[in-house]
Number of protein chains: 2
Amino acid sequence: MKQAIYNIGVEDTMRIIGGKWKPIILCHLKHGIMRTGELRRAIPNITQKMLTQQLRELEDDGIINRKVYSQIPPKVEYSLTDYGESLNKILEDLCVWGEKDIERRKQKGENIILLNKEDVSADPLPYAD
Amino acid sequence: MKQAIYNIGVEDTMRIIGGKWKPIILCHLKHGIMRTGELRRAIPNITQKMLTQQLRELEDDGIINRKVYSQIPPKVEYSLTDYGESLNKILEDLCVWGEKDIERRKQKGENIILLNKEDVSADPLPYAD
DNA sequence: TACAGTAGGTACTAAAAAGTACCTGTAAAA
DNA sequence: TTTTACAGGTACTTTTTAGTACCTACTGTA
């Protein structure tokens with residue numbers, strides 16, 4: 001049995017939600033159930049390999065559920081577990097802070113683009129203009 | 001001028017506070033001003049090189065202040081900028097979630113150790129027994 | 001005099017993370 | 001009949017991140 005030693009709690013949190021793809025995957029899943037292909041399309045640039053790999057790790061850590069339908073072609077749904085939902089507020093805060101930071105940097109003249117704002121993508125307000 | 005493109009805000013946040021050492025450094029600095037040596041002692045295992053490197057990046061991103069006293073031997077103090085303070089709640093949440101997660105895993109029989117709990121280390125309650 | 005403490009820097013190496021390319025197998029659509 | 005979509009897997013390579021070792025320069029202490 002291998003032992004894990006942490007100095008402070010944030011190390012464990014980052015082990016679980018850190019990395020290039022996990023926070024992105026989780027920020028999508030906090031809106032609800034998604035199929036593999038939906039996730040792949042929602043996260044441009046992620047490869048099938050990285051997507052599967054990260055999903056497996058999140059599953060192993062008890063953060064997400066993997067529901068496999070025994071049918072052909074295959075259908076697999078991913079969603080946050082109840083425990084994973086306890087990360088929702090943190091994930092939301094991380095998204096919002098980043099959106100504001102990007103806005104701030106833009107104002108400073110940095111050439112930086114944000115494709116999907118959290119709330120905009122969730123609620124496009126089609127008639128607002 | 002190089003361009004940065006993000007799909008969702010959390011990518012930018014993680015660019016700034018992610019990695020092995022940055023969240024740890026920030027979780028220490030949110031308690032107040034610290035000198036280089038204090039940080040090095042507070043974060044066992046970090047090397048001088050990584051500490052300096054991460055501090056420079058955080059400084060470049062406007063998260064921390066670096067105050068150099070022109071004296072010998074040198075004295076340098078690090079602290080969160082006002083902007084950096086806007087991360088305090090997130091950092092606190094990340095620490096607390098991790099502490100609870102470690103507790104949860106311990107209960108499940110995992111061999112896992114947390115050396116410094118956020119509140120305990122900040123307020124040792126010397127007469128409480 | 002030799003060493004510890006102060007706060008770094010730099011070149012090189014090791015390890016971890018991510019990416020590329022190519023594979024499975026079935027069903028439905030072009 | 002070939003292609004696409006579905007949800008993967010695996011071997012290998014590249015990139016990124018982190019670590020090691022050794023350097024500066026000055027002061028105070030043993």
Side-chain angles (χ1 to χ4, degrees), chain A residues 2 4-8 10-26 28-29 33-61 64-79, chain B residues 2 4-8 10-26 28-29 33-61 64-79:
Chain A
K2 70 177 162 191
I5 299 178
Y6 298 105
N7 287 284
I8 59 178
V10 71
E11 292 173 65
D12 181 60
T13 309
M14 294 303 281
R15 179 187 64 75
I16 292 173
I17 71 165
K20 182 168 178 179
W21 300 114
K22 281 180 190 169
I24 304 180
I25 291 170
L26 293 173
H28 282 289
L29 285 181
I33 296 169
M34 288 180 86
R35 290 185 59 177
T36 313
E38 283 184 276
L39 277 168
R40 215 174 42 234
R41 282 184 294 272
I43 309 174
N45 308 327
I46 199 172
T47 58
Q48 173 71 57
K49 181 208 159 198
M50 289 311 293
L51 179 58
T52 308
Q53 187 181 101
Q54 304 301 301
L55 287 169
R56 290 295 175 282
E57 292 181 12
L58 289 168
E59 196 189 353
D60 290 345
D61 281 325
I64 64 172
N65 277 129
R66 180 165 180 264
K67 184 173 179 185
V68 183
Y69 292 81
S70 292
Q71 62 182 54
I72 282 169
K75 175 179 175 182
V76 178
E77 285 178 346
Y78 292 96
S79 58
Chain B
K2 70 177 163 188
I5 300 179
Y6 299 105
N7 286 284
I8 60 178
V10 71
E11 292 173 65
D12 180 60
T13 309
M14 295 303 282
R15 179 187 64 77
I16 293 173
I17 71 165
K20 181 169 179 179
W21 300 113
K22 281 179 190 169
I24 303 179
I25 291 169
L26 292 172
H28 282 289
L29 285 181
I33 296 168
M34 290 181 85
R35 292 186 57 178
T36 312
E38 283 184 276
L39 276 168
R40 216 174 41 235
R41 283 184 294 272
I43 308 175
N45 308 327
I46 199 172
T47 59
Q48 173 72 56
K49 182 206 158 197
M50 288 311 293
L51 180 59
T52 308
Q53 187 180 102
Q54 304 301 301
L55 287 169
R56 289 295 175 282
E57 292 181 11
L58 289 168
E59 196 190 354
D60 291 344
D61 282 324
I64 65 172
N65 277 129
R66 180 167 181 263
K67 185 172 179 183
V68 183
Y69 293 81
S70 292
Q71 64 183 50
I72 282 169
K75 176 180 176 183
V76 178
E77 285 178 347
Y78 292 95
S79 58

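The chains referred to below are lettered A, B, ... by the order of the sequence lines, with proteins before strands, and numbering in each begins at 1. This structure is a prediction, so every number in the text was calculated from the model and none was measured.
- If you find the closest nucleotide of DNA chain C to A/Asn45 and to B/Gly37, the one lying nearer the 5' end belongs to B/Gly37.
- A 4.5 Å side-chain heavy-atom check between B/Met14 and A/Lys20 finds every atom pair outside the cut-off.
- When the side-chain nitrogen and oxygen atoms of A/Arg35 are compared with OP1 and OP2 of D/dA7, one or more of them lie within a distance under 4.0 Å.
- Residue A/Thr36 places its side chain closer to D/dG8 than to any other of C/dG8, D/dG19, D/dG8.
- Closest to the side chain of A/Pro74, out of D/dC6, C/dT6, D/dT20, is D/dC6.
- Side-chain contact between B/Asn7 and A/Ile24 is absent, with no heavy-atom pair separated by less than 4.5 Å.
- Per the geometry, CD belonging to B/Glu57 stands 12 Å off C1' belonging to D/dA18, to the nearest Å.
- Shown here are the salt bridge (Lys or Arg N to Asp or Glu O under 4.0 Å) partners of B/Arg15, two or more places apart in sequence or in another chain: B/Asp12, B/Asp61.
- Note: CD (A/Gln71) to C1' (D/dA7) measures 12 Å, nearest angstrom.
- Position along DNA chain D of the nearest nucleotide to A/Tyr78 versus B/Thr47 favours A/Tyr78 as the more 5'-ward residue.
- You'll find that the side chain of B/Val76 is closest to C/dA7, out of C/dA7, D/dA18, D/dG8.
- Atom pair A/Lys75:NZ and C/dG25:P shows a separation of 24 Å (rounding to whole Å applied).
- Checking D/dG8, C/dG8, C/dT26 against every side-chain atom of A/Gln48, the shortest atom distance belongs to D/dG8.
- Atoms CG and CG, from A/Leu26 and A/Leu58 in turn, are 5.0 Å apart once rounded to the nearest 0.5 Å.
- Note: NZ (A/Lys49) to P (D/dA11) measures 12 Å, nearest angstrom.
- Distance from the side chain of B/Ile72 is smallest for D/dT27 among the nucleotides D/dT27, D/dA11, C/dA7.
- Looking at A/Glu11, its side chain does come within 3.5 Å of a backbone N or O of A/Ile8 through a donor-acceptor pair.
- The CD atom of B/Glu38 lies 11.5 Å from the CD1 atom of B/Ile43; values are rounded to the nearest 0.5 Å.
- Only A/Gly19, A/Lys20, A/Trp21, listed by number, bring a heavy atom of residues 18-25 of chain A to less than 4.0 angstrom from any atom of DNA chain C.
- Atom P of nucleotide D/dG19 and atom CD1 of B/Ile43 are separated by 12 Å, given to the nearest angstrom.
- Distance CD1 (B/Ile46) to P (C/dG8): 12 Å, rounded to an integer number of Å.
- Distances shown here put a side-chain N or O of A/Arg41 below 4.0 Å from the OP1 or OP2 atom of D/dC6.
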Run the side chain to side chain contact (heavy atoms under 4.5 Å, CB included) test on B/Thr47 and B/Trp21 for me, step by step, so that the C-alpha distance in whole Å, both residues' side-chain angles and the decisive distance to 0.1 Å come before the verdict. CA-CA 10 Å; B/Thr47 59; B/Trp21 300 113; over 6 Å; no
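- You'll find that the side chain of A/Gln54 is closest to C/dA18, out of D/dG9, C/dA27, C/dA18.
- When distances are taken from the side chain of B/Pro73 to each of D/dT27, D/dG19, D/dA7, the shortest belongs to D/dT27.
- Put simply, CG on B/Leu39 is 10 Å from P on C/dA7, counting in whole angstrom units.
- In this structure, A/Asp60 CG and A/Ile16 CD1 are separated by 11.0 Å, a value rounded to the nearest 0.5 Å.
- Under 4.0 angstrom from either OP1 or OP2 of C/dA7 there lies no side-chain N or O belonging to B/Arg56.
- As a whole-Å value, the separation of B/Met14 CE from D/dT17 P is 12 Å.
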